[in-house]
Amino acid sequence: MPEHTHRAATSGAPLLEVEGLTAGYGGVQAVRDLSFTVGPGEVVALLGPNGAGKTTSLLATVGLLPLMSGTVRALGQPVDTRKPHLLARRGVMMVPDDRGIFYGLSVADHFRLARRRADASRRALVLERFPALERLMSRKVGLLSGGEQQMLTIAKALLAEPKVLMIDEMSLGLAPKIVQEMLPSIRDLAKQEGIGLVLVEQHIELALSVADRGLILNHGRVVLDGPASELLQRRDQVEAAYFGADDLGDVDEEVLPTASTS
Ligand code: ATP
């Protein structure tokens with residue numbers, strides 16, 4: 001088994017099993033040998049600076065980018081990279097960092113488009129999480145604030161009752177206060193419904209504060225991983241990993257390398 005593998009902290013078979021994932025562009029590897037699992041109700045934070053390979057990891061996981069090597073299993077089955085849309089239909093969804101919304105359409109239009117199978121009770125449950133959207137229903141998305149747009153993007157994904165939800169840089173362009181409100185709300189819903197949640201983030205502290213596990217990517221590979229609560233207490237290692245130390249291993253290890261290891 002590859003070095004950086006974590007089994008689900010929660011009960012139940014893993015919803016997502018990524019093992020030895022290597023992917024990139026034009027033959028150049030952007031992420032190497034990435035392994036992690038996500039169980040029902042588990043929140044995994046994939047952290048790292050710009051260009052670390054976070055988005056590439058998500059794209060390869062959902063089959064939008066071919067694997068150079070490694071395997072991805074979602075909901076117990078191998079991911080078919082030739083048919084990524086089928087994965088979304090099965091409930092494995094990625095929310096891209098460009099938000100995937102239409103500025104000329106209203107909030108209500110997006111709800112209608114996203115709903116298809118969602119019934120009124122689902123809609124009510126999602127609006128309970130994001131009550132601000134209720135009064136914005138008739139507003140064009142282009143007129144919403146960044147935070148409101150992000151709420152809509154995530155609400156849209158939640159309407160489809162995902163089993164696995166991967167959110168790419170939710171906090172991009174948002175005030176920390178908004179992120180502080182939204183992340184716990186999404187985490188709570190994931191716990192309540194057993195959704196496996198992968199959060200790609202640059203806000204280390206905020207992401208780890210809601211996550212069960214954290215992996216820090218740098219230059220395309222995992223340089224640190226472990227339970228989020230432990231990572232939060234190891235700020236020096238986390239910062240060293242984030243800002244470029246080579247391999248800081250696993251905080252589960254008994255002996256922790258120092259932040260100066262590089
Ligand atoms: P960011 O927060 O800046 O999006 P990231 O951690 O998500 O960073 P990736 O977008 O996965 O990083 O990029 C990883 C590497 O792959 C970077 O070196 C980037 O320049 C490169 N890369 C990303 N997209 C492409 C692409 N479409 N074609 C070629 N190289 C790419």
Side-chain angles (χ1 to χ4, degrees), residues 2 4 6 16 18-36 38 43-72 74 79 81-82 84 87 92-101 146-147 149-150 153-154 157 164-176 178-179 182-183 186 196-211 213-226 228 231 237-248 262:
H4 297 292
H6 283 295
L16 194 62
V18 175
E19 201 144 313
L21 179 152
T22 297
Y25 308 90
V28 179
Q29 297 177 351
V31 57
R32 285 181 288 283
D33 199 23
L34 170 70
S35 299
F36 65 96
V38 188
V43 182
V44 174
L46 202 52
L47 309 166
N50 282 337
K54 305 180 299 296
T55 299
T56 305
S57 302
L58 290 195
L59 291 173
T61 299
V62 296
L64 288 170
L65 194 63
L67 300 181
M68 290 172 163
S69 61
T71 57
V72 178
V79 168
T81 53
R82 293 161 307 169
L87 197 62
V92 180
M93 311 196 64
M94 174 180 169
V95 176
D97 58 0
D98 64 6
R99 297 181 185 159
I101 44 181
Q149 287 179 359
Q150 194 57 281
T153 307
I154 292 164
V164 175
L165 186 59
M166 287 175 267
I167 306 179
D168 195 0
E169 305 241 12
M170 195 202 83
S171 60
L172 206 68
L174 299 188
I178 296 174
V179 184
M182 282 176 67
L183 277 180
I186 298 164
L197 190 58
V198 180
L199 298 172
V200 159
E201 271 300 331
Q202 288 198 37
H203 274 291
I204 312 175
E205 195 115 23
L206 283 177
L208 288 177
S209 70
V210 296
R213 307 205 63 90
L215 288 89
I216 299 184
L217 275 175
N218 208 327
H219 297 301
R221 62 192 198 96
V222 175
V223 287
L224 190 66
D225 62 14
L231 290 173
Q237 265 105 29
V238 169
E239 277 170 24
Y242 200 90
F243 293 111
D246 264 351
D247 190 348
L248 300 173
S262 61

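Counting starts at 1 for both ligands and their atoms, following the listed order. This one's a predicted model, so the numbers in the text were calculated from it and none came from an experiment.
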A.B. asks: Identify every side-chain donor-acceptor pair in residues 204-211 under 3.5 Å, counting partners at least two apart or on other chains, and give the distances.
C.D. replies:
unit_1, atom_1, unit_2, atom_2, d
E205, OE1, R235, NH1, 2.2
S209, OG, L206, O, 2.6

A.B. asks: Residues in side chain to side chain donor-acceptor pair (under 3.5 Å) with Q29, at least two apart?
C.D. replies: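 So Q29 forms no side chain to side chain donor-acceptor pair (under 3.5 Å) with any residue.
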A.B. asks: Mark yes or no for whether N218, through its side chain, and Y242, through its backbone, hold a donor-acceptor pair below 3.5 Å.
C.D. replies: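 Flag set: sc N218 to bb Y242 pair under 3.5 Å.
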A.B. asks: Got a sec, which residues hit side chain to side chain contact (heavy atoms under 4.5 Å, CB included) with I178, two or more places apart in sequence or on another chain?
C.D. replies: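 Result, side chain to side chain contact (heavy atoms under 4.5 Å, CB included) vs I178: L174, A175, M182.
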A.B. asks: Using only atom types and a distance under 3.5 Å, with no angle test, would you say the side chain of K54 pairs donor to acceptor with the backbone of G48?
C.D. replies: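 Checked: pair present.
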A.B. asks: In this structure, which one of D168, L165, V200 forms a side chain to side chain contact (heavy atoms under 4.5 Å, CB included) with V95?
C.D. replies: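 The option that passes is L165.
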A.B. asks: Applying a heavy-atom distance cut-off of 4.0 Å, which protein residues contact ligand 1?
C.D. replies: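 Y25, A30, P49, N50, G51, A52, G53, K54, T55, T56, E169, Q202.
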